[in-house]
Amino acid sequence: MTAPIRKIDLLDTGPRFGEADAAQLNARFDGAAAGDWLGQVLREGLAGRAAVVSSFGAESAVLLHLVAQIDPGTAVLFLDTGKHFAETLAYRDALVARLGLTNLQVLTPDPERLAARDGNGLRWSYDPDGCCEIRKVAPLARALAGFDASITGRKAFQAATRANLPRIELDRSDAQGRLKLNPLIDWTAQDIAAYFAAHDLPPHPLVAQGYPSIGCSPCTSKVAPGEDPRSGRWKGWDKTECGIHVPGADEGELPPGFDPVF
């Protein structure tokens, strides 16, 4: 009797999602409230395994509260760059406890790469793109390899670069085909303030001091009333994003003979 031919196991190495998947989800949840559609996506696994990427900045409490109401065990990825304000680290710990989040994952730069590329810790002063790549982009890329989607707190009103983002988009940072979910993209500053008040959420302590957008301390400045909320980030540089939301971000290389001025 001839033995049955064994079926060869094949690994699916294609991208997890494509543009059509993002478009279909956007159409399905068009007009739905942020908490409703995000809840359905997470509970039904429509975007696979998802993680929140949070800076624990000025408005982070809103997205984290939404997620905590849906599933407090959702992974929350925090990039500890080694350059944060002490207030941000304290706020992170207080907010995690307050909201009952149980899966905070603190990401740090590769120590060998950090020592080789930014041994004196001053790369931010002459190559902010390269500093962000070492301390943010690379650690997050490693972490997201285990997820199918990321959840961000980006909002259209924050900056011109975010004005036309969809609720759900394809993450183009690599070829893995992850989705990027932007539940608050169509929220206004007034919506954010109202949500803080309605749920008695604690503000980041630096907001009252004139910091409406908060990142690493060396690259974050106060913002004057009426200015773009993100105008205090990398002030004086032609830079508006750290790189984790920009496709193809690479570590900056300096031109030959470049002499940084501190």
Side-chain angles (χ1 to χ4, degrees), residues 51-61 63-64 75-97 101 103-147 150-154 158 173-174 202-207 209-223 229-246 248-254 258 260-262:
V52 181
V53 179
S54 180
S55 65
F56 286 84
E59 298 161 345
S60 296
L63 177 60
L64 292 171
V76 177
L77 309 183
F78 173 74
L79 290 156
D80 191 345
T81 63
K83 299 289 185 181
H84 282 294
F85 290 97
E87 290 90 340
T88 294
L89 301 180
Y91 184 62
R92 175 199 65 192
D93 296 342
L95 204 53
V96 165
L101 296 165
N103 194 6
L104 174 68
Q105 299 182 23
V106 178
L107 313 179
T108 56
D110 177 81
E112 292 185 3
R113 192 177 191 195
L114 189 62
R117 294 288 188 175
D118 193 17
N120 62 6
L122 292 174
R123 194 169 189 124
W124 62 268
S125 65
Y126 59 89
D127 178 26
D129 285 336
C131 184
C132 285
E133 200 281 336
I134 297 167
R135 297 173 183 274
K136 291 184 176 182
V137 178
L140 182 61
R142 290 195 299 270
L144 285 181
F147 294 94
S150 62
I151 307 169
T152 88
R154 292 181 297 172
Q158 291 174 318
S173 61
D174 55 32
H204 191 296
L206 291 179
V207 171
Q209 298 181 36
Y211 295 90
S213 181
I214 303 161
C216 292
S217 58
C219 300
T220 303
S221 305
K222 293 183 179 182
V223 173
R230 288 181 63 83
S231 64
R233 306 289 293 277
W234 305 285
K235 190 175 284 292
W237 292 89
D238 183 18
K239 178 177 173 65
T240 58
E241 298 282 355
C242 67
I244 64 174
H245 297 304
V246 179
D250 296 315
E251 180 175 336
E253 292 297 334
L254 301 176
F258 184 87
V261 177
F262 303 124

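Since this is a predicted model, take the numbers as computed values, not measurements.
Ring centroid separation for the pair His204 and Phe85 does not come in under the 6.0 Å cut-off.
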Original post:
Is there a side-chain contact (heavy atoms from CB on, under 4.5 Å) between Leu206 and Tyr91 once you walk through the steps?
Top reply: CA-CA 10 Å; Leu206 291 179; Tyr91 184 62; over 6 Å; no
Subject >> From CA spacing to verdict: side-chain contact (heavy atoms from CB on, under 4.5 Å), Phe56, Asp93 >> reply: CA-CA 9 Å; Phe56 286 84; Asp93 296 342; over 6 Å; no
Subject >> Intermediate values then yes/no, side-chain contact (heavy atoms from CB on, under 4.5 Å), Val53 and Phe147 >> reply: CA-CA 11 Å; Val53 179; Phe147 294 94; over 6 Å; no
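Listed for the Lys83 side chain is no donor-acceptor partner under 3.5 Å among the backbone atoms of Gly215.
Among Leu107, Leu89, Val96, the one residue that satisfies the side chain to side chain contact (heavy atoms under 4.5 Å, CB included) test with Phe78 is Leu89.
Here the OG atom belonging to Ser54 is positioned 4.0 Å from the CG atom belonging to Leu64, to the nearest 0.5 angstrom. Of the inter-residue distances, the one linking Tyr126 atom OH with Cys131 atom SG reads 9.0 Å to the nearest 0.5 angstrom.
Counting heavy atoms from C-beta outward, Thr108 and Leu114 have side chains that stay 4.5 Å or more apart. In this structure, Glu87 and Ile214 have side chains that are not in contact, with every pair of non-hydrogen atoms separated by 4.5 Å or more. For the pair Ser213 and Thr220, the minimum side-chain heavy-atom distance is 4.5 Å or more.
When all heavy atoms of Leu104 and Arg92 are compared, the closest pair comes out as CD2-CD, 4.0 Å. In terms of heavy-atom proximity, His84 sits nearest to Leu79 at NE2-O, 2.7 Å. When all heavy atoms are compared, the tightest approach of Asn120 to Arg123 is OD1-N, 4.3 Å. Cys216 and Thr81 make their closest contact through SG-OG1, 3.1 Å (heavy atoms, listed as atom of the first residue, atom of the second, distance). Taking each heavy atom of Ile134 and Pro109 in turn, the nearest pair found is O-CB, 3.7 Å.
Considering only residues two or more places apart in sequence or on other chains, Arg135 meets the salt bridge (Lys or Arg N to Asp or Glu O under 4.0 Å) condition with Asp118.
A salt bridge links Glu133 with Arg113: the distance from a Lys NZ or Arg NE/NH1/NH2 to an Asp or Glu carboxylate oxygen falls below 4.0 Å.
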